[in-house]
*Asks:* 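Before anything else, here's the structure in question.
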Amino acid sequence: MIEEAIAIIKGMATTLKVALKPPVTVQYPEMKRPVSNRFKGRHELKRYENGMEKCIGCALCAAACPSDAIFVEASENSDEQRYSPGERFASTYEINMLRCIFCGYCEDACPTEAIVLEHDYELSFYDRASAIYTKDMLLVDVPVNGMDTPRTVEPGTFDRSIPDMENPK
Amino acid sequence: MGIEQKLGTMGVVTHRLEDLVNWGRTNAMWPLGFGLACCAIEMMAAQGAHFDMSRFGMELMRPSPRQADLMIVAGRVSRKMAPVVRRLYDQMSEPKWVVAMGDCASCGGVFNNYAIVQGVDEIVPVDVYVAGCPPRPEALIDGIMTLHEKIRSEQLKDWA
């Protein structure tokens, strides 16, 4: 008899203890839980500090992609119309967000560290066509002291087919 | 069906009624408890304490399609599963909505092969596609918010 009563009191004590704790719920659309640093979300095409595009249109990301979500079409750079420091640039760059599985193989394959999976995960669409992100949507804004692309440069400034890269930190 | 469709967007009365009904539809939308693959784990997490979809009126996942308003296709649909998905959709009562959660349900994702339906929109009409493999619970809630926006813009004259 007394044992049962103690059991009930013990049980209710646990209930009371949990009931007084603050709720764990994250009020999502208003409050967002920070993602991990290594989280792989929506892609971004990066630029150098001077505003030049990092992507050289080699399509290694498209080759590495296990779900064939990336489409790259490269064109030749010229000194009048220069997008990237290399020989070529990506004239078309499309990622189908509904195909992409956010594995990060494109990031690993990229020789110029142009494509980076960032922390945006809010990707919902009304139709499948709008899930295809074009280069304009993926390319980051021009840095503060940089110039937009395409730009005209002095002939002979960029003579390497593979651009000089900073050593990765 | 009635006078409300003939009136269209003209009257104040039908406009308010529209708001009221859409409010009711968005705030008491019970999803079908129906998971197919790994996305279902995230869907369960979205119902759990940390994300708590019941904040948006999704109190419980109804196991019976006749009591559900929203079908969240969570996972890849194999060709063998496709008739079952369609049957569950047919059993749901109107109005009903479909969210294709994740890459596989949306367009086959990484499984580009003969066994997997290349997008669940081949068998049921999809309202919102959510990208991710699998999407985070937040991403699913974002998809549901997108669906709510779509429902809020629905008009009386378009109702069947």
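In what follows, every chain begins at residue 1, and chains take the letters A, B, ... in the order their sequences are listed.
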*Asks:* Let me check something: do B:Val128 and B:Met101 share a hydrophobic cluster, defined by ILVMFWY side-chain heavy atoms less than 4.5 Å apart, either directly or through other members?
*Replies:* yes

*Asks:* Can A:Ile95 be reached from A:Leu123 by stepping across I, L, V, M, F, W or Y side chains whose heavy atoms are under 4.5 Å apart?
*Replies:* yes

*Asks:* Do B:Ile116 and B:Val85 share a hydrophobic cluster (ILVMFWY, side-chain heavy atoms under 4.5 Å, transitive)?
*Replies:* no

*Asks:* Applying the 4.5 Å side-chain criterion to the ILVMFWY set and letting contacts propagate, would B:Leu32 and B:Val117 be lumped into a single cluster?
*Replies:* yes

*Asks:* Given the options B:Cys104, B:Gly102, B:Gly132, which has more heavy-atom pairs under 4.5 Å with chain A than any of the others?
*Replies:* B:Gly132

*Asks:* Find the N and O donor-acceptor pairs between chain B and chain A that sit under 3.5 Å apart.
*Replies:*
unit_1	atom_1	unit_2	atom_2	d
B:Ala49	O	A:Thr25	OG1	2.9
B:His50	O	A:Val26	N	2.9
B:Arg55	NH1	A:Gln27	OE1	3.3
B:Arg55	NH2	A:Val26	O	3.3
B:Ser106	O	A:Arg128	NH1	3.4
B:Cys107	O	A:Arg99	NH1	3.2
B:Cys107	O	A:Arg99	NH2	2.7
B:Gly109	O	A:Arg99	NH1	2.6
B:Gln118	OE1	A:Arg99	NH1	3.4
B:Gln118	OE1	A:Arg99	NH2	2.9
B:Asp121	OD1	A:Arg128	NH1	3.0
B:Asp121	OD2	A:Arg128	NH1	3.2
B:Tyr129	N	A:Phe125	O	2.7
B:Tyr129	O	A:Phe125	N	2.8
B:Ala131	N	A:Leu123	O	2.9
B:Asp142	OD2	A:Ser124	OG	2.8
B:Thr146	O	A:Tyr126	OH	2.8
B:Thr146	OG1	A:Ser124	OG	3.0

*Asks:* When you compare the side chain of B:Phe56 with that of A:Pro29, does any pair of heavy atoms fall below 4.5 Å?
*Replies:* yes

*Asks:* Please list, in residue-number order, every residue in residues 77-84 of chain B that has a heavy atom less than 4.5 Å from any heavy atom of chain A; write 'none' if there are none.
*Replies:* none

*Asks:* Which atom names give the shortest non-hydrogen contact between A:Phe102 and B:Ala131, and what distance separates them?
*Replies:* CE1-C, 4.5 Å

*Asks:* Cluster question for you: counting only ILVMFWY and a side-chain heavy-atom cut-off of under 4.5 Å, with indirect links fine, are B:Val73 and B:Met92 together?
*Replies:* yes

